[in-house]
Amino acid sequence: MTTQISTSKGTALITGASTGIGAVYADRLAKRGYDLVLVARNQKRLDDLAVNITKNTGRKVDIIVADLTQKADTLRVEDRLRSDKTITALVNNAGFGAAATLHDSKIEELESMIQLNVTALTRLTHAALPGLLQRAKGLIINISSIVAVAPELLNGTYGGTKAYVVAFTQSLHHEVGSKGIQVQAVLPGATETPFWDRAGHPVENLPAQIVMSAEDMVDASLAGLDQHELITIPSLPNLADWETFNSSRLNLGPNLSHKNPAARYNVARQ
């Protein structure tokens, strides 16, 4: 049965859209009235997903086969974001992680991870922003991770890329939040997706009680979006815990920069 939303909300471009979290976002946003541009490396999976979404929702779905660790492919997606005046939403979901220590990691893989998790996300957001601002309407969802605030859990480079996503999103909200652009960073915990296989730590090895389905993760995140959360942690029972954490960060502000070193360092003035 086709679920058609008659009034279009524009077009959402979703990266990493062929499986897992990205594919669920594609389904949910189509059901909310968005046409889609789906970006991923696997053409068959993208084709199959596009056919199913159009059949089930009636929305228009385009695909772009691209590897966002490659600059030429990233530039092609940027061109679409700049030229397509129907785009009203960007979901920066593409990314991969690592579970090994820095010492045991391959530096080329970490470099590719930075390219995907940080550089591509930044470039695509930069490409989408002028059009969203011109239309004074838009949505940017950036998928981070709980390792952004718990970097000891997995590989530190991975945690660093996801901490970047949070800082980037907070700054972007400060920049454009009053200009009709809603911004959200989502910090999933362990989620049942192919992510874990690529990280070298199969999800089956994790305690079942900490692993959320991709469907529940996305549905919770969209509920957070509807509640205008800037930072959404789908598994966090009490929002006040995040608010306390963030308030402590903000309370550092007045003392982060002074002419003289803190007295506890006992640095003599010349």
Side-chain angles (χ1 to χ4, degrees), residues 2-18 21-41 43 46-47 49-68 70-95 116 118-143 165 168-169 171-186 218 221-222 225-226 228 230:
T2 298
T3 302
Q4 174 74 54
I5 305 295
S6 58
T7 303
S8 175
K9 292 185 177 180
T11 301
L13 187 146
I14 305 170
T15 67
S18 61
I21 290 169
V24 179
Y25 265 109
D27 173 77
R28 300 308 195 255
L29 291 180
K31 289 175 179 176
R32 285 180 172 224
Y34 287 92
D35 293 325
L36 303 175
V37 178
L38 306 181
V39 180
R41 295 177 299 168
Q43 180 164 356
L46 285 174
D47 285 337
L49 181 62
V51 168
N52 287 335
I53 288 176
T54 299
K55 178 181 177 182
N56 292 331
T57 68
R59 305 314 312 182
K60 176 184 176 183
V61 183
D62 291 343
I63 68 169
I64 300 176
V65 180
D67 179 351
L68 297 179
Q70 304 300 313
K71 188 169 183 180
D73 283 8
T74 303
L75 291 175
R76 288 195 293 112
V77 181
E78 288 180 45
D79 287 344
R80 179 62 180 264
L81 287 166
R82 291 192 182 97
S83 62
D84 189 340
K85 298 186 184 305
T86 71
I87 288 178
T88 54
L90 170 64
V91 181
N92 282 308
N93 167 69
L116 181 57
V118 174
T119 306
L121 177 145
T122 305
R123 292 190 65 99
L124 296 185
T125 304
H126 183 267
L129 206 53
L132 299 181
L133 288 170
Q134 184 179 28
R135 294 184 283 278
K137 178 182 178 182
L139 169 65
I140 298 172
I141 299 174
N142 294 324
I143 305 302
V165 173
F168 178 79
T169 304
S171 178
L172 187 61
H173 171 71
H174 180 73
E175 179 181 343
V176 303
S178 63
K179 300 177 181 179
I181 313 299
Q182 184 177 3
V183 184
Q184 180 193 35
V186 179
V218 173
S221 298
L222 288 172
L225 181 77
D226 293 340
H228 296 279
L230 173 58

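Residues: numbered from 1 along the sequence shown.
Comment: D79 does not engage R76 in a salt bridge, judged by the lack of any side-chain N to carboxylate O separation of less than 4.0 angstrom.
Closest approach of A120 to L68, counting heavy atoms only: CB-O, 3.7 Å. For G95 against L116, the heavy-atom pair with the smallest separation is CA-CD2, 3.5 Å. Contact record, A30 with L36: CB-CD1, 4.0 Å, taken as the closest heavy-atom pair. Scanning both residues, I87 and L132, for their nearest heavy atoms gives O-CD2, 3.5 Å. Contact record, A94 with T15: N-OG1, 2.9 Å, taken as the closest heavy-atom pair. For the pair Y34 and T11, the tightest heavy-atom approach, listed with the atom from each and the gap, is CD2-C, 4.2 Å.
Sorted by first then second residue, the side-chain hydrogen bond (donor to acceptor under 3.5 Å, both in side chains) pairs that include residues 171-186, not counting sequence neighbours, are Q184-T232.
Looking only at side-chain heavy atoms (C-beta outward), T74 and T119 stay at 4.5 Å or farther from each other.
Side-chain N or O atoms of D84 include none that pairs as donor or acceptor with a backbone N or O of R80 at under 3.5 Å. With hydrogens and angles ignored, the 3.5 Å screen pairs no side-chain donor or acceptor of R41 with any backbone N or O of S18. Formation of a donor-acceptor pair under 3.5 Å by the N142 side chain with backbone atoms of V165 is not found in this model.
Atom-to-atom distance recorded for L49:CG and I14:CD1 is 8.5 Å, nearest 0.5 angstrom. Here the straight-line distance linking atom CG of N92 with atom OG1 of T125 works out to 4.0 Å at 0.5 Å rounding. Residue I141 holds its CD1 atom at 5.0 Å from CG of L225, rounded to the nearest 0.5 Å. With rounding to the nearest 0.5 Å, the separation of NZ in K137 from NZ in K9 is 8.5 Å. Atom NZ of residue K71 and atom CZ of residue R123 lie 4.5 Å apart, to the nearest 0.5 angstrom. Note: L129 CG to L124 CG = 12.0 Å, rounded to the nearest 0.5 Å.
Under the side chain to side chain contact (heavy atoms under 4.5 Å, CB included) criterion, R28 pairs with V24, E215, V218, D219, L222, sequence neighbours left out. When the side chain to side chain contact (heavy atoms under 4.5 Å, CB included) test is applied to K60, the partners found at least two apart in sequence or on another chain are D35, D62.
Among T88, V91, L81, the single residue meeting the side chain to side chain contact (heavy atoms under 4.5 Å, CB included) criterion with L13 is L81.
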